[in-house]
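Working notes, structure below.
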2 protein chains.
Amino acid sequence: MQKFRDKGLKLTPQRLAIMEYLDGNRNHPSADDIYSKIRKIYPMMSFATVYNTLETLKKRGDVVEITIDPERRHYDTDTSHHHHLICKKCKKIKDIHRDFSINIPEDQKGAFEVLGNHVEFYGVCPTCNTKGE
Amino acid sequence: MQKFRDKGLKLTPQRLAIMEYLDGNRNHPSADDIYSKIRKIYPMMSFATVYNTLETLKKRGDVVEITIDPERRHYDTDTSHHHHLICKKCKKIKDIHRDFSINIPEDQKGAFEVLGNHVEFYGVCPTCNTKGE
DNA sequence: TCTAATATGATAATCTTTATCTAATTAGAA
DNA sequence: TTCTAATTAGATAAAGATTATCATATTAGA
């Protein structure tokens with residue numbers, strides 16, 4: 001939380017609410033998740049503010065956008081290098097912390113400047129699995 | 001191409017045009033790419049038909065949806081297990097053929113049934129790199 | 001050639017995300 | 001504490017991607 005307070009970021013009640021919601025949140029919420037949840041407490045929250053704030057936090061490097069669910073973007077405050085496991089049914093996302101040290105073979109990389117990688121595992125979570133087919 | 005002709009798929013001119021366009025196409029086109037291109041030759045092509053056909057081909061397993069560009073979905077007719085490298089600037093996608101044999105550590109997997117994985121490498125392609133900062 | 005089943009295309013609808021712009025608020029100086 | 005410049009919020013429009021609907025047209029096979 002403290003990490004958000006620095007670097008000339010104007011602290012408004014809306015931003016604080018969003019940051020508070022995100023801080024330590026391991027559920028990789030979507031913009032809509034954030035909006036819906038905070039709206040219950042601060043009904044004056046606007047969708048635009050959610051996107052604005054996410055954009056600001058992304059630029060500051062305090063939040064990372066996850067592209068793993070084709071339906072919508074998810075956000076993660078864990079900015080350390082890690083990977084994800086997604087349930088194809090309920091779309092729940094789980095963190096996978098582990099350095100797989102994967103690299104593109106030289107012959108396929110060519111002159112491409114590779115900046116990083118992200119592994120997306122997919123499958124069916126225990127909850128969805130027990131609910132049957 | 002021949003692989004599309006089987007299994008009780010009704011062959012309409014529109015479908016054939018889409019299949020022909022996709023066959024051997026290594027550019028991971030988006031629905032819009034497909035639509036725009038084919039429209040020039042078959043002006044009667046509808047966007048709905050593009051999506052319908054993609055859906056059909058996906059179900060048949062002849063096409064795979066790639067979730068790597070947050071802006072839109074891309075499609076790949078190479079259904080073999082492989083990974084992708086995307087340019088953060090121009091969004092061009094390149095195939096990476098290589099089995100990295102990565103697995104989730106048992107303690108993090110739990111009862112999750114893992115069905116597969118996909119590695120997304122990102123960076124800047126040679127073309128965008130030479131265009132300079 | 002005929003028919004049942006399926007696909008097309010036009011269009012509306014939905015959903016996510018971005019853009020615009022004015023009024024309100026914040027941070028920091030005075 | 002007050003004032004001011006800069007930034008942000010919120011309302012809303014707009015854009016863009018994808019899905020849904022449904023009457024009409026087309027296909028495959030009898």
Side-chain angles (χ1 to χ4, degrees), chain A residues 4-22 28-60 62-76 91 93, chain B residues 4-22 28-60 62-76 86 88 91 93:
Chain A
F4 293 130
R5 298 193 173 271
D6 319 327
K7 284 195 211 163
L9 238 206
K10 281 196 180 175
L11 294 184
T12 63
Q14 293 85 347
R15 278 188 174 172
L16 284 173
I18 294 173
M19 290 169 178
E20 201 173 312
Y21 175 72
L22 285 176
H28 315 86
S30 65
D32 185 63
D33 290 334
I34 298 170
Y35 174 67
S36 307
K37 190 64 185 296
I38 296 185
R39 193 149 215 272
K40 291 178 185 164
I41 312 170
Y42 302 93
M44 76 295 293
M45 172 66 64
S46 153
F47 228 125
T49 299
V50 172
Y51 277 106
N52 285 340
T53 303
L54 284 172
E55 188 56 32
T56 302
L57 295 178
K58 266 199 301 182
K59 274 190 189 140
R60 285 171 43 106
D62 289 326
V63 154
V64 156
E65 193 176 287
I66 304 175
T67 307
I68 189 174
D69 174 2
E71 314 253 315
R72 59 187 61 81
R73 304 177 191 186
H74 292 261
Y75 298 88
D76 197 344
K91 305 296 166 65
I93 300 171
Chain B
F4 294 130
R5 296 190 173 275
D6 319 327
K7 284 195 210 160
L9 239 206
K10 281 195 180 178
L11 295 185
T12 64
Q14 293 86 345
R15 277 188 175 174
L16 283 173
I18 293 173
M19 290 169 180
E20 202 171 314
Y21 175 72
L22 286 177
H28 315 87
S30 64
D32 185 63
D33 290 334
I34 299 169
Y35 174 69
S36 307
K37 190 65 184 299
I38 295 184
R39 194 149 214 270
K40 291 179 186 167
I41 313 170
Y42 303 94
M44 75 296 293
M45 172 66 65
S46 153
F47 229 126
T49 300
V50 172
Y51 278 107
N52 285 341
T53 303
L54 284 172
E55 187 58 31
T56 303
L57 295 178
K58 267 198 302 182
K59 275 191 188 139
R60 284 170 44 104
D62 289 327
V63 155
V64 156
E65 193 177 285
I66 303 175
T67 308
I68 188 174
D69 174 2
E71 315 253 313
R72 58 185 63 78
R73 306 177 191 185
H74 293 262
Y75 299 88
D76 197 343
I86 186 170
K88 295 183 104 166
K91 306 296 166 63
I93 299 171

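Labels below follow one simple rule: chain letters A, B, ... track the order of the sequence lines, proteins then strands, and each chain is numbered from 1.
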Discussion item. Judged by each residue's nearest nucleotide on DNA chain C, which is more toward the 5′ side, B/P70 or B/P43?
Written reply: B/P43

Identify the pairs formed between an N or O of the protein and an N or O of nucleotides 23-27 of chain C at a distance under 3.5 Å, and give each distance.
residue : atom : partner : partner atom : Å
C/dT26  : O2   : A/K10   : NZ           : 2.9
C/dA27  : OP1  : A/L11   : N            : 3.1

Practice prompt. Ignoring backbone atoms, test whether A/R73 places a side-chain nitrogen or oxygen under 4.0 Å from the OP1 or OP2 oxygen of C/dT16.
Written response: no

Worksheet item: Given atom CD1 of B/I66 and atom P of D/dT18, what is their separation to the nearest angstrom?
Response: 13 Å

Discussion item. Using a 4.0 Å heavy-atom cut-off, does A/D32 contact any base of the nucleic acid, only the sugar-phosphate backbone, or nothing at all?
Written reply: nothing

Practice prompt. Begin with the C-alpha distance, continue with both residues' side-chain angles, and end with the deciding distance and a verdict on side chain to side chain contact (heavy atoms under 4.5 Å, CB included) for B/R60 and B/T56.
Written response: CA-CA 6 Å; B/R60 284 170 44 104; B/T56 303; 4.2 Å; yes

Item to complete: Test B/Y35 against every option in B/F47, B/Y42, B/Y21 by the ring-ring contact (aromatic ring centres under 6.0 Å, His included) rule and name the one that passes.
Response: B/F47

Discussion item. Less than 3.5 Å apart, any donor N or O on the side chain of B/N52 or B/T49 sitting next to an acceptor on the other?
Written reply: no

Worksheet item: Atom CZ of A/R15 to atom C1' of D/dG10: distance rounded to whole Å?
Response: 14 Å

Discussion item. Using whole Å, what does the distance between atom C1' of nucleotide C/dG9 and atom OH of B/Y42 come to?
Written reply: 17 Å

Discussion item. So, taking the atom named CE in B/M19 and the one named CG in B/L9, what distance separates them when rounded to the nearest 0.5 Å?
Written reply: 4.5 Å

Discussion item. In whole Å, I'd like the distance from the CD1 atom of A/I34 to the P atom of D/dA9.
Written reply: 14 Å

Fill in: Beyond-backbone contact of A/L54 with A/R73, side-chain heavy atoms, under 4.5 angstrom
no

Discussion item. What's the closest nucleotide to the side chain of A/T49 if the choices are D/dA9, D/dA11, C/dT8?
Written reply: D/dA9

Worksheet item: A/D69 CG to C/dC15 P: how many Å, rounded?
Response: 15 Å

Worksheet item: CZ of A/R39 versus P of D/dA9: gap in Å, rounded?
Response: 16 Å

Practice prompt. Calculate the interatomic distance between A/Y51 atom OH and D/dA9 atom P; express it in whole Å.
Written response: 16 Å

Worksheet item: Considering residues, nucleotides and ligands other than B/K91, do more than 12 of their heavy atoms fall under 6.0 Å from its NZ?
Response: yes

Practice prompt. Could you tell me the separation between the CZ atom of B/R72 and the C1' atom of D/dA15, rounded to a whole number of Å?
Written response: 12 Å

Worksheet item: Under the side chain to side chain contact (heavy atoms under 4.5 Å, CB included) criterion, do B/L57 and B/L22 qualify, and how do the steps go?
Response: CA-CA 11 Å; B/L57 295 178; B/L22 286 177; 3.9 Å; yes

Practice prompt. Tell me which of A/F47 and A/Q14 sits closer to the 5' end of DNA chain D, going by the nucleotide each one is nearest to.
Written response: A/Q14

Discussion item. Nearest heavy atom decides the nucleotide; on that basis, is A/T53 or A/E71 closer to the 5' end of DNA chain D?
Written reply: A/T53

Worksheet item: Quick one: which of D/dG16, D/dG10, C/dG9 gets closest to the side chain of A/M45?
Response: D/dG10

